[in-house]
Amino acid sequence: MSGGELIEYRPLSEEYAYTFGGRAAVRRVRPGDLVSLYTEDCFGGVVRDVTDLPSAVCNFPYLNPVTGPFHVEGAEPGDTLALHFVEIAPARDWAVTTTLPHFGALTGTHTTATLQEPLEERVWKYEVDAAAGTVRYRASRSDFTVELPLDPMHGTVGVAPAAGEAKLTITPDAHGGNMDTPELRAGVTVYLGVNVDGALFAIGDGHCRQGEGEVTGAAVEAAMNTVVAVDLIKGVGTPWPRLESDGHLMSTGSARPLEDAFRISQHDLVTWTAGLTGLDTLDAYQLVAQAGQAPVGNVVDTNYTMVAKVAKEYLGGPVAYDGVHERLRALGRRYLSGR
């Protein structure tokens, strides 16, 4: 790490990106820098009440804005970008979610055509109490309410794809994108393979919380104030986005059908485990098969996302990527304690 600056960035409305790739960098950062940024919710902040139907107030297809991209000095194809999420904090005391016609896991869609009537478009507004660590669900057709734990995360993070491609931010793939895994919370490091000079990473789609699968197609969507620590692992590639927490290693896969996303994530975790531990591939396969977990990311987007997860304690305490997670974790703690 050679940086050490705190870079603050809040985009103007016209500066949000809606693709990974095809955009010039908004800022340049260095490995070792901390980036404090603001992200808008997936609706661009225009769905503010239960009467604000997305079909009436949103400008399709300009949904799921991301903040960035950021050019990381020294990043080249074949490297790995490490982003450690130091803090993810709701920027407002409210959040929203919806059901949308022809979108979600329990309705006909444009790729799963049925003759049934589309779901009703409806908006729910959640009260966010950051101090109490809760969000309040209110039923739209009764007086039922319940407090749910606040668990902030980012649904979308990624880098520019390879071969000059530009991909909509709603699409998860090998570059990252809209993976929508609740595992991507504060304290987690995400590893992304670099495809272009500068990596060009961007972040968005904050959720106050989300159930696995994002079944309706929308989580508790919120603007976020987020701090990430940046580092670069030179000459080491990463085929699919990987995550590391203090206790777990995780691999992602995004594809359709869902079982292919599952296979990608499991394949990556097995081969990563074999490389870290020195185990034979089939020995690693056996260990992951019996000790692993498979949290669902999303089952609603243009590609589906699965996560393969294993506790580090079962692998003998491996050190991934030369310990970058621990270094960035320590950097984040110093930032939070000195603020």
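As the structure is a prediction and not an experimental result, all values here were calculated from the model. We're numbering straight along the sequence, starting at 1.
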Item to check | Test log, rule side-chain contact (heavy atoms from CB on, under 4.5 Å), inputs Phe85 and Val188 | outcome: CA-CA 6 Å; Phe85 284 78; Val188 168; 5.5 Å; no
Checklist entry - Is the shortest distance from a Lys or Arg side-chain nitrogen in Arg141 or Glu120 to a carboxylate oxygen in the other one below 4.0 Å? => result yes
Checklist entry - Do NZ/NE/NH1/NH2 and the carboxylate oxygens of Arg92 and Glu40 come within less than 4.0 Å? => result yes
Item to check | Side-chain donor-acceptor contact under 3.5 Å, Asn303 with Asp301 | outcome: no
Next on the checklist: Can you tell me if Asp322 has over 12 outside heavy atoms packed within less than 6.0 Å of its CG?
Outcome noted: no
Next on the checklist: Is the ring pair Phe70/Tyr9 parallel, tilted or perpendicular, if the boundaries are 30 and 60 degrees?
Outcome noted: perpendicular
Next on the checklist: How long is the straight-line distance from OG1 of Thr99 back to CG of Leu119, given to the nearest 0.5 Å?
Outcome noted: 6.0 Å
Checklist entry - Short question: side chain of Arg27, backbone of Glu8 - any donor-acceptor pair under 3.5 Å? => result no
Checklist entry - Can you find a side-chain donor-acceptor pair between Thr305 and Asn298 that sits under 3.5 Å? => result yes
Checklist entry - Would you say Val196 and Val72 are hydrophobically clustered, going by side-chain heavy atoms of ILVMFWY under 4.5 Å? => result no
Next on the checklist: By the definition side chain to side chain donor-acceptor pair (under 3.5 Å), identify the one residue from Gln210, Arg185, Arg209 that meets it with Asp151.
Outcome noted: Arg185
Checklist entry - Under 3.5 Å, side chain of Thr97 to main-chain N/O of Ala218, donor-acceptor pair present? => result yes
Item to check | Side chain Asp33, main chain Glu5, donor-acceptor under 3.5 Å | outcome: yes
Checklist entry - Given side chains that start at C-beta, do those of Glu73 and Arg28 come closer than 4.5 Å, heavy atoms only? => result yes
Next on the checklist: In the structure I gave you, are the side-chain heavy atoms of Phe43 and Asn59 within less than 4.5 Å of one another anywhere?
Outcome noted: no
Next on the checklist: Less than 4.5 Å apart, side chain to side chain, heavy atoms only: is that true for Asp52 and Val46?
Outcome noted: no
Item to check | Donor-acceptor contact present, side-chain Thr169 to main-chain Asn64, <3.5 Å | outcome: yes
Checklist entry - Just by modelled atom types, is the His154 backbone N or O under 3.5 Å from a matching donor or acceptor in the His207 side chain? => result no
Checklist entry - Taking the inter-plane angle between the rings of Trp272 and Tyr191 on a 0 to 90° scale, is it parallel (under 30°), tilted (30 to 60°) or perpendicular (over 60°)? => result perpendicular
Item to check | Criterion side-chain contact (heavy atoms from CB on, under 4.5 Å) on Lys125 and Asp49, from CA distance to verdict | outcome: CA-CA 6 Å; Lys125 187 173 183 178; Asp49 195 71; 4.1 Å; yes
Checklist entry - Do Asp246 and His325 have a side chain donor and acceptor closer than 3.5 Å? => result yes
Next on the checklist: What I'd like to find out is whether the side chain of Trp240 reaches to under 4.5 Å of the side chain of Asp173, using heavy atoms alone.
Outcome noted: yes
Checklist outcome for this item: Taken to the nearest 0.5 Å, the spacing of Met306 CE from Ser265 OG works out to 5.5 Å
Checklist entry - Is any NZ, NE, NH1 or NH2 atom of the basic residue among Arg242 and Asp268 found under 4.0 Å from an Asp or Glu carboxylate oxygen of the other? => result yes
Checklist entry - What's the verdict on side-chain contact (heavy atoms from CB on, under 4.5 Å) for Trp94 and Val96, showing C-alpha distance, side-chain angles and the deciding distance? => result CA-CA 7 Å; Trp94 56 269; Val96 292; 4.0 Å; yes
Item to check | Audit row: Tyr321, Thr189, side-chain hydrogen bond (donor to acceptor under 3.5 Å, both in side chains) steps and yes/no | outcome: CA-CA 11 Å; Tyr321 294 103; Thr189 301; over 6 Å; no
Next on the checklist: Taking CD in Gln116 as the centre, count heavy atoms belonging to other residues, nucleotides or ligands within less than 6.0 Å. Is the count above 12?
Outcome noted: yes
Checklist entry - Should we say atom NE2 of His267 is surrounded by more than 12 heavy atoms from elsewhere, each under 6.0 Å from it? => result no
Checklist entry - Do Tyr304 and Phe262 have side chains that get closer than 4.5 Å, going by heavy atoms? => result no
Next on the checklist: Applying ring-ring contact (aromatic ring centres under 6.0 Å, His included), can you list everything that pairs with Tyr62, at least two apart in sequence or on another chain?
Outcome noted: Tyr18
Item to check | Close side-chain approach of Leu150 to Cys208, heavy-atom, < 4.5 Å | outcome: yes
Checklist entry - Would you say Tyr38 and Thr67 make side-chain contact, with heavy atoms under 4.5 Å? => result no
Next on the checklist: Taking Ala160's backbone N and O only, do any of them form a donor-acceptor pair with Asn195's side chain (distance below 3.5 Å, no angle check)?
Outcome noted: yes
Item to check | Within one Ile-Leu-Val-Met-Phe-Trp-Tyr cluster: Val26 and Val66, side-chain cutoff 4.5 Å | outcome: no
Checklist outcome for this item: From the list Val29, Leu34, Leu37, Val230, side chain to side chain contact (heavy atoms under 4.5 Å, CB included) partner of Ile7 resolves to Val29
Checklist entry - For Leu200 and Ala25, which heavy atoms make the closest approach, and how far apart are they? => result CD2-CB, 3.9 Å
Checklist entry - Can you tell me if Glu121 uses its side chain to pair, donor with acceptor, with the backbone of Ser55 under 3.5 Å? => result yes
Item to check | Backbone N/O of Ile233 and side chain of Thr80: donor-acceptor pair under 3.5 Å | outcome: no
Checklist entry - Is the side chain of Thr98 donor-acceptor paired with the backbone N or O of Leu100 at a distance under 3.5 Å, no angle test? => result no
Checklist entry - Is Val159 linked to Leu184 within one hydrophobic cluster, defined over Ile, Leu, Val, Met, Phe, Trp and Tyr using a side-chain heavy-atom separation of less than 4.5 Å? => result yes
Checklist entry - If you round to the nearest 0.5 Å, how far is CG of Leu287 from OG1 of Thr273? => result 7.0 Å
Next on the checklist: Hydrophobic clusters here meaning ILVMFWY residues chained together by side-chain heavy-atom distances under 4.5 Å, can you tell me if Val220 and Val215 are in one?
Outcome noted: no
Next on the checklist: Taking Ala219's backbone N and O only, do any of them form a donor-acceptor pair with Glu214's side chain (distance below 3.5 Å, no angle check)?
Outcome noted: yes
Next on the checklist: What I'd like to find out is whether the side chain of His84 reaches to under 4.5 Å of the side chain of Arg329, using heavy atoms alone.
Outcome noted: yes
Item to check | Transitive ILVMFWY side-chain link Val50 to Leu53, under 4.5 Å | outcome: no
